[in-house]
Amino acid sequence: MLKIAICDDMMEDRERVHSIVQEFLKEKNINAEVRTFDHPDTLVHDCESFRPHIYILDIVMPMITGIEAARELRWNQPDAQIIFATSEKSYALESFDVNPINYILKPVEKTKLYETLEMAIRRVDIEEEKTITIKVKGGFHTIVLDDIMYIDYRNHIVTYHLISGEQISTATLRIGFAEYLETTVAEPIFVQCHESVAVNIKAIDKLTKTDIMVRNKEIIPVSKSKYANVAEQYMNYRFD
């Protein structure tokens, strides 16, 4: 499902954009989840799990600008489409730092936003979220891949650590961790960073030679022998 986030501290402007977006979705018969935010801090926090395909952001907001918020959002979601809607012309050049799809001046015109949304939707992948189904005690459990921060292996049990803080563990395994990853996970977004840990490349916030911080701020280890491969795959993902 398509996901759209709107952030503007001015209620009148926020409601106007939201109304136009809803009209657009209805006319185009597009099913989408649209959330509105009145503060960039709330936007950045909530969108770590919401992960919209399209952001429509004001620039002049309390505490941090829409451009600063976009930089943080872009780091976690390099494929997201960003639209700026603002009353300030002076930020146009600076905004290109985060590669926005458009820069619309307020009051936002319906035709202009329609055209920009059509362009944004053509660029996003709104297929169903990828999932993995794992065997657990008593049955099976399906997990959305983007919700997984990392996977670890202890005492012949693999545990999936999710962004929500939830942990889902398999039944006792008869195979090693590397073989389990190859035969069960088999997703290129996961890379072993330690003999007993594999991280979701898309979940990495910070990488050093000794550890990784993932989106939910947990710290996981990186072994010397695995660092080069993790760094290579991480940079390929970020700059592909």
Side-chain angles (χ1 to χ4, degrees), residues 5 40-53 55 57 63-80 82 94-100 129-130 132 134 143-170 173 176-182 184-240:
D41 284 347
T42 309
L43 170 81
V44 171
H45 178 271
D46 289 3
C47 287
E48 286 187 354
S49 56
F50 179 43
R51 302 184 71 73
H53 301 93
Y55 291 89
L57 309 176
M63 303 299 291
I64 64 173
T65 69
I67 295 174
E68 291 170 327
R71 287 193 185 105
E72 188 161 351
L73 295 165
R74 174 68 76 205
W75 184 250
N76 283 324
Q77 289 183 263
D79 297 329
I82 295 173
E94 184 183 353
S95 74
F96 282 97
D97 181 48
V98 293
N99 193 27
E129 294 176 305
K130 287 187 177 181
I132 183 173
I134 62 171
I143 310 171
V144 175
L145 289 180
D146 281 352
D147 289 345
I148 302 169
M149 298 294 97
Y150 65 97
I151 308 166
D152 67 19
Y153 177 79
R154 295 180 184 179
N155 300 322
H156 300 285
I157 291 174
V158 170
T159 300
Y160 290 76
H161 298 256
L162 310 188
I163 190 168
S164 64
E166 183 181 4
Q167 298 180 11
I168 300 169
S169 297
T170 66
L173 303 176
F177 188 46
E179 185 179 352
Y180 177 84
L181 291 175
E182 183 179 348
T184 305
V185 180
E187 286 288 341
I189 63 169
F190 290 97
V191 59
Q192 258 189 285
C193 57
H194 192 275
E195 290 302 319
S196 59
V197 183
V199 65
N200 183 347
I201 288 289
K202 297 171 70 174
I204 296 176
D205 259 0
K206 182 180 179 181
L207 170 65
T208 72
K209 291 185 176 181
T210 57
D211 54 44
I212 292 170
M213 177 186 288
V214 289
R215 288 204 319 267
N216 63 358
K217 309 308 177 187
E218 284 192 66
I219 304 294
I220 57 178
V222 179
S223 65
K224 289 183 179 180
S225 62
K226 304 290 185 183
Y227 172 76
N229 185 45
V230 175
E232 181 182 4
Q233 293 200 41
Y234 178 58
M235 296 304 288
N236 286 342
Y237 166 70
R238 287 297 178 190
F239 297 105
D240 186 3

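For the numbers below, each heavy atom of this structure counts, side chains included, while hydrogens, waters and symmetry mates do not.
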For V222 and L207: C-alpha separation, side-chain torsions, deciding distance, then whether side-chain contact (heavy atoms from CB on, under 4.5 Å) applies.
CA-CA 9 Å; V222 179; L207 170 65; 4.2 Å; yes
For H156 and Y153, take the angle between the two ring planes, folded into 0 to 90°, and tell me which bin it lands in: parallel under 30, tilted 30 to 60, perpendicular over 60.
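Geometry flag for Y153 against H156: perpendicular rings.
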Give the ring-plane orientation class for H161 versus Y150, where under 30° counts as parallel, over 60° as perpendicular and anything between as tilted.
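Aromatic pair H161/Y150 classed parallel.
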Please confirm whether the backbone N or O of [Y] pairs with a side-chain atom of [X], one donor and one acceptor, at under 3.5 Å?
{"X": "T184", "Y": "L181", "answer": "no"}
{"X": "R71", "Y": "G66", "answer": "no"}
{"X": "N155", "Y": "I157", "answer": "no"}
{"X": "N200", "Y": "L145", "answer": "yes"}

Derivation and outcome, side-chain contact (heavy atoms from CB on, under 4.5 Å), residues I151 and V158
CA-CA 7 Å; I151 308 166; V158 170; 3.1 Å; yes
Euclidean distance, [Y] [atom2] relative to [X] [atom1], rounded to 0.5 Å:
{"X": "L73", "Y": "R51", "atom1": "CG", "atom2": "CZ", "answer": "10.0 Å"}
{"X": "S225", "Y": "E195", "atom1": "OG", "atom2": "CD", "answer": "5.5 Å"}
{"X": "I212", "Y": "I204", "atom1": "CD1", "atom2": "CD1", "answer": "4.5 Å"}
{"X": "I148", "Y": "I143", "atom1": "CD1", "atom2": "CD1", "answer": "5.0 Å"}
{"X": "Q233", "Y": "K226", "atom1": "CD", "atom2": "NZ", "answer": "11.0 Å"}
{"X": "I168", "Y": "I134", "atom1": "CD1", "atom2": "CD1", "answer": "6.0 Å"}

Please lay out, stage by stage, how K202 and Y237 fare under the test side-chain contact (heavy atoms from CB on, under 4.5 Å).
CA-CA 8 Å; K202 297 171 70 174; Y237 166 70; 3.5 Å; yes
Take a 6.0 Å sphere around CD of E48 and say whether it holds more than 12 heavy atoms from other residues, nucleotides or ligands.
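Count over threshold, so yes.
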Flag yes if more than 12 heavy atoms outside R154 fall under 6.0 Å of its CZ atom; otherwise flag no.
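Not more than 12 within 6.0 Å, no.
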M149 and L162: side-chain contact (heavy atoms from CB on, under 4.5 Å), yes or no, with the steps?
CA-CA 5 Å; M149 298 294 97; L162 310 188; 6.0 Å; no
Minimum-distance pair of heavy atoms, taken over all atoms of [X] and [Y]:
{"X": "F50", "Y": "A5", "result": "CE2-CB, 4.4 Å"}
{"X": "C193", "Y": "P221", "result": "SG-O, 3.4 Å"}
{"X": "A69", "Y": "P40", "result": "CB-CB, 4.1 Å"}
{"X": "I201", "Y": "V230", "result": "CD1-O, 4.3 Å"}

Answer yes when K217 and D205 have at least one side-chain N-carboxylate O distance shorter than 4.0 Å, and no when they do not.
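Judged by the 4.0 Å cut-off on N to carboxylate O distance, K217 and D205 do form a salt bridge.
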Is the shortest side-chain heavy-atom distance between [X] and [Y] below 4.5 Å?
{"X": "P52", "Y": "C47", "value": "yes"}
{"X": "V185", "Y": "Y180", "value": "yes"}
{"X": "T208", "Y": "Y227", "value": "no"}

Between Q77 and Y55, a side-chain donor and acceptor under 3.5 Å:
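Yes, a side-chain donor-acceptor pair sits under 3.5 Å.
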